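See below for the structure under consideration.
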Protein chains: 4
Amino acid sequence: MGSEAEPRAHTGRRRNEATRHAVLAATVGLLRDAEHGPLTLPVIAAAAGVGRQTVYRWWSTPGEVLLEALAEQASAQVPTPDTGSLDADLRVFLERTLRGAAAPATAPVLRGLAREAARDEQAAELLRTFTATRRAALRGLLLRHADRLAPDVDVDLLVDQVYGLLWYRLLIGHAPLDEDTARRLAEGLVAAAGVAPSDWTRSSTGPAGGG
Amino acid sequence: MGSEAEPRAHTGRRRNEATRHAVLAATVGLLRDAEHGPLTLPVIAAAAGVGRQTVYRWWSTPGEVLLEALAEQASAQVPTPDTGSLDADLRVFLERTLRGAAAPATAPVLRGLAREAARDEQAAELLRTFTATRRAALRGLLLRHADRLAPDVDVDLLVDQVYGLLWYRLLIGHAPLDEDTARRLAEGLVAAAGVAPSDWTRSSTGPAGGG
Amino acid sequence: MGSEAEPRAHTGRRRNEATRHAVLAATVGLLRDAEHGPLTLPVIAAAAGVGRQTVYRWWSTPGEVLLEALAEQASAQVPTPDTGSLDADLRVFLERTLRGAAAPATAPVLRGLAREAARDEQAAELLRTFTATRRAALRGLLLRHADRLAPDVDVDLLVDQVYGLLWYRLLIGHAPLDEDTARRLAEGLVAAAGVAPSDWTRSSTGPAGGG
Amino acid sequence: MGSEAEPRAHTGRRRNEATRHAVLAATVGLLRDAEHGPLTLPVIAAAAGVGRQTVYRWWSTPGEVLLEALAEQASAQVPTPDTGSLDADLRVFLERTLRGAAAPATAPVLRGLAREAARDEQAAELLRTFTATRRAALRGLLLRHADRLAPDVDVDLLVDQVYGLLWYRLLIGHAPLDEDTARRLAEGLVAAAGVAPSDWTRSSTGPAGGG
DNA sequence: GACTAATCGAGACGGTACGTCGCGTCTTACA
DNA sequence: TGTAAGACGCGACGTACCGTCTCGATTAGTC
C-alpha cells in the first residue's frame with residue numbers, strides 16, 4: 001500500500017479507532033514494499049495519512065507498531081493436521097506452510113519482517129518469537145508420532161531443516177516454495193527420521209498401501 | 001573493531017595501500033558489530049580513521065567496499081573433500097561448513113552481511129552470489145556420488161536444507177551449529193536421498209546397524 | 001499569576017461568569033510575566049484552568065481577550081487635576097501618571113502590553129488607542145492653560161516628551177519613574193513652553209522662589 | 001529583504017565568508033519586515049539561502065546573529081558636533097539623530113530590533129547596550145557645556161526626554177521625527193536646562209533675543 | 001419531575017515549525 | 001597527486017505547540 005487514505009472523522013476525547021487501524025494497515029503495507037527504506041514512524045504516519053504526533057502518542061518505536069500490526073493480522077494461522085499418519089500429517093502441514101509463506105499476500109510481509117529484524121532489535125525479537133511459535137507447532141506434530149521416529153532422532157534438527165529451507169528460499173529467492181517441494185521435503189524427512197514403518201501402519205496411508 | 005586506528009603516514013602521489021587496508025579492515029570490523037547501524041561510507045571512514053573523501057574517491061557505495069573487503073578475506077574457503085564415500089564426504093563437508101560458519105571470527109561477519117543485504121541491494125546481490133557459490137560446491141559434491149542417490153532425488157532441495165538450516169540458526173540463534181548437528185544432518189540427508197547403501201557402508205553409521 | 005486555579009462549578013446552560021473572570025485574570029497575570037512567551041489562547045486557558053474550547057468559544061484571538069481584560073481593569077485612570085495653575089496641574093498630573101505607571105501592579109502589565117504589541121497587530125492597535133487617550137488627556141490639560149504657553153509652542157512635542165520618557169524608562173529600565181522625576185519634568189516643560197509667568201505664580205514653585 | 005540569494009561556492013575547510021555575510025544580511029533584511037514573525041534561525045537560514053545546520057554551527061540563538069549583524073553595520077554612527085555653542089551642538093545632534101532614526105533604511109531596523117527585544121532576552125540586552133551608548137553620547141555633549149546648564153539640572157532626564165520621544169514616535173508612529181521637531185526639541189531642552197544665558201549668547205539663537 | 005439545550009473540562013487529532021543528526025559534495029592545507 | 005579535515009546544502013527525525021473537533025458530565029430552563 002503506502003498511499004494516503006481519505007480523512008477520518010474525529011472521535012472526541014476517545015482514541016480514534018479508525019486512525020489506529022489506518023496506522024496498522026499502512027505499516028503492513030509498507031512492510032510489503034521493499035522500495036521504502038527503513039520503517040520509521042514518520043513514514044508510517046505519512047502512509048496512513050495521520051499526523052506524526054498521533055503515531056508518536058501511541059507507539060514509541062516502529063517495532064511496537066509492527067508487533068501490534070502483525071498481531072492484528074492474527075498472522076499465518078496454519079492449523080496442525082491430525083490424520084493419524086505421520087506421512088500425511090507432515091505432508092499436509094508442509095504444503096500448507098510453504099503455500100502460506102509463498103502466497104503473494106504473505107511473502108512480502110515476511111520478507112519485510114526479516115528486513116526490519118536486520119535493523120531493529122525489537123523487530124528481531126518479534127521475529128524470534130514468531131519463528132519459535134512456528135517451530136513449536138511442527139515439533140508438536142512430529143512428537144505426536146514419536147513412535148514412528150527413531151529413538152535418538154534430533155527433532156529440532158528436522159524442524160530447522162524445514163523452516164531453514166523456507167526462509168532461505170524466501171529471502172534468497174533462487175528456488176520456489178511449491179507443492180512439489182513440500183511433498184519431497186516431507187518424504188525426505190520421514191526417510192531421515194523414521195524407523196522402518198510397520199507394514200500395516202504404512203498401508204493405512206502410504207502410497208504403496210495394499211489394495 | 002569499529003574503533004579508530006593510529007594515524008598513517010602519507011605516501012605522496014601514490015595511493016596509500018595502508019589506508020586501503022584500513023578501510024577494508026574497518027568495514028569488516030563494522031560488519032561484526034550489530035550495534036552499528038547501517039554501513040555507510042562516513043561511518044567506515046571514521047572507523048578507519050580516514051578522511052571521508054578518501055573513501056569516496058575509491059569506492060562509490062558501501063556495497064563496493066563490502067565486496068572488496070570480503071574478497072580480500074577470501075572468506076570461508078571450504079575445500080570439498082573427496083574420499084570416495086558419499087557419507088564421509090558429506091559429513092566432512094558439513095562439519096567444515098558449519099564449523100566455519102559458526103566460528104567466532106566468521107559468524108558475526110555473515111550476520112552482518114545478511115543485515116546489510118536487507119538494506120542495500122548491492123549487498124543483497126553480493127550475498128546471492130556468495131550463497132550460489134556455496135550451493136554449487138555442495139551440489140557438485142552430491143553429484144559426484146550420483147550413483148548413490150535415488151534417481152529422482154531433488155538435489156537442490158537437499159542443498160537448500162543444508163544452507164537453510166545454516167542461515168536459519170545463524171540468524172535466529174536459537175540452536176547451535178556444532179559437530180553433532182553436522183553429523184546428524186549428513187546422516188539424515190543420506191537417508192533421505194540415498195538408494196539402499198552397500199551393507200558395509202551403512203553399517204558404519206546407519207541407525208539400523210548393530211543387530 | 002500564571003498558576004492554575006481551583007475548579008469552578010458548572011452553571012449549566014448559562015455562561016459561567018466565574019470562568020470568564022478566571023480567563024481575564026489569568027490573561028493579565030500572564031501579561032505580567034515576562035517569562036511566559038507569546039500570549040496564546042491555549043496558554044491562557046491552561047493558566048486559567050479552563051478548557052481550551054471554552055476560551056475559543058468566547059474569544060477568537062489573544063488580542064480580544066487582552067482588550068476585554070484591560071477594559072475590565074479600567075486601567076490607569078489618571079484624573080486630570082484642575083487647580084488653575086499650569087505648574088501645579090502639570091506637576092500633579094505627572095506625579096500621578098508616573099507613579100501609576102511605575103506601580104508594581106501596573107508596570108509589568110504595561111510592559112507586557114508593549115511586548116504583545118510587538119507581536120500581535122491587534123495588541124498594537126490596542127496600545128495605540130490607549131496611548132492616544134493618554135496623550136489627549138495631557139494635551140487637554142496643557143491647552144486649558146494656553147494663555148501660559150508661548151503662542152507657537154508645539155504641544156504635541158511636549159506631550160510626547162512626557163510619554164516618551166515614561167515608556168522609554170519603563171521598557172529599558174535604566175532609570176526610575178519617581179516623584180522627583182515628575183517634578184523636574186514638569187518644571188522643565190513649563191520652562192520650555194511657558195511665557196514668562198506672573199511673578200507670584202512662579203514664586204510658588206520656581207527655582208528662583210524662596211523668599 | 002527576505003528573498004533567496006544565488007548559490008555560493010564552497011570554500012573548503014575554511015569558513016565561507018560569503019555565507020556568513022548572506023546570513024547577516026538576511027537577518028537585517030528580516031528585521032525590516034514586520035510581516036515575518038519571530039526571528040528564528042531556520043527562517044534566517046531560508047532567507048539567506050543557506051543550510052540550517054550552517055547557521056546553527058556558527059550561532060546558537062537569533063540574538064547572537066542579531067548582535068553580529070548589527071555590529072557589522074557599524075550602525076547609527078552619529079558624530080557628536082562641537083561648535084562651542086550648546087544651542088548649536090544640541091540642535092545639530094538632534095537633527096542628525098532624528099534624521100538617522102527616521103531614515104527609510106534605518107527606522108524599520110530599529111523597529112525590528114525593538115520587536116525582537118520584546119521577545120528575546122538576548123535581543124533586549126542588545127537593545128539596552130545600544131541605547132546606553134546613544135545616551136552616553138548625548139550626555140557627553142551636554143556635559144561639555146556644563147557651564148551653560150543650571151547646577152542642579154538632571155542631565156539624564158534631558159537625555160531620556162530626547163530618546164524617549166524618538167522611540168515613542170518611532171514605535172507608535174503617530175507623529176513625525178522631522179527637522180522641525182529636532183529644532184524645537186533642542187530649544188525646549190535649552191530653555192528647560194540652561195541658566196539664563198548671557199545676552200550676547202542668547203541673542204544668537206533665542207526667539208526673544210533683543211536685537 | 002423528566003426532557004431538552006447549552007456550557008464546560010478534557011484530550012485526541014492534523015498540521016507546522018523547530019533544532020538535531022547524518023549523508024554526500026566540495027574545497028583547502030599539507031605531505 | 002593523494003590524504004585529512006571540515007564547511008556546506010539537503011533531508012529525515014522526534015518534539016512542541018496551535019486551533020479544531022468530539023465526547024461525557026453538569027446544570028438551567030421548559031412542558
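Not measured: the values here are computed from a predicted model. Throughout, protein chains are lettered first and strands after them, A, B, ... in sequence-line order, and every chain is numbered starting at 1.
With hydrogens and angles disregarded, no donor-acceptor distance shorter than 3.5 Å links the side chain of C:Thr54 to the backbone of C:Val50. Judged purely by atom type and a 3.5 angstrom limit, D:Glu116 uses its side chain to pair as donor or acceptor with the backbone of D:Leu39. Of the possible donor and acceptor atoms, one in the side chain of C:Arg115 sits under 3.5 Å from a partner among the backbone N and O of C:Leu31.
One can place NE2 of D:His36 at 12 Å from P of E:dA17, the figure rounded to the nearest angstrom. As a whole-Å value, the separation of D:Arg14 CZ from E:dT27 C1' is 11 Å. Taking atom CH2 on D:Trp59 and atom C1' on E:dC18, their separation rounds to 18 Å, with Å as the unit. Here E:dC23 presents its P atom at 9 Å from CG of B:Leu41, a figure rounded to the nearest Å.
An OP1 or OP2 oxygen of E:dC23 is reached within less than 4.0 angstrom by a side-chain nitrogen or oxygen of B:Thr40. OP1 or OP2 of F:dA7 lies within a sub-4.0 Å distance of a side-chain N or O belonging to D:Arg57. For F:dT20, the OP1/OP2 oxygens have no side-chain nitrogen or oxygen of C:Arg52 closer than 4.0 Å. Between A:Arg8 and the phosphate of E:dG14, there is a side-chain N or O to OP1/OP2 separation shorter than 4.0 Å. Considering only side-chain N and O atoms, C:Trp58 lies under 4.0 angstrom from the phosphate OP1 or OP2 of E:dC8.
Both A:Glu17 and C:Arg20 sit near DNA chain E, but only C:Arg20 has its closest nucleotide nearer the 5' end. The residue among C:Thr19 and A:Arg15 whose nearest nucleotide of DNA chain E is located toward the 5' end is C:Thr19. Each of A:Pro62 and C:Val43 lies near DNA chain F, and the nucleotide nearest A:Pro62 is the one positioned closer to the 5' end. Both C:Pro38 and C:Ala9 lie close to DNA chain F; mapped to their nearest nucleotides by heavy-atom distance, the more 5′-ward contact belongs to C:Pro38.
For B:Gln53, taking side-chain heavy atoms from C-beta onward, the closest of the listed nucleotides F:dG19, F:dA5, F:dC21 is F:dA5. You'll find that the side chain of A:Tyr56 is closest to F:dT15, out of F:dC23, F:dT15, E:dC23. Closest approach to the D:His10 side chain among E:dT20, F:dG19, E:dT25 is made by E:dT25 (side chain taken as heavy atoms from C-beta onward). The side chain of B:Thr54 lies closest to F:dT3 when the candidates are F:dC13, F:dC8, F:dT3. Of the candidate nucleotides F:dA28, E:dC23, E:dT28, F:dA28 has the atom lying nearest to any side-chain atom of C:Arg13.
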Item to check | Candidate pair D:Leu30 and D:Thr27, rule side-chain contact (heavy atoms from CB on, under 4.5 Å), full reasoning | outcome: CA-CA 5 Å; D:Leu30 288 172; D:Thr27 300; 5.8 Å; no
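Figure legend: cation-pi geometry between D:Arg20 and D:Trp58 absent, as NZ or CZ is not positioned both under 6.0 Å from the six-membered ring centre and within 45° of its axis.
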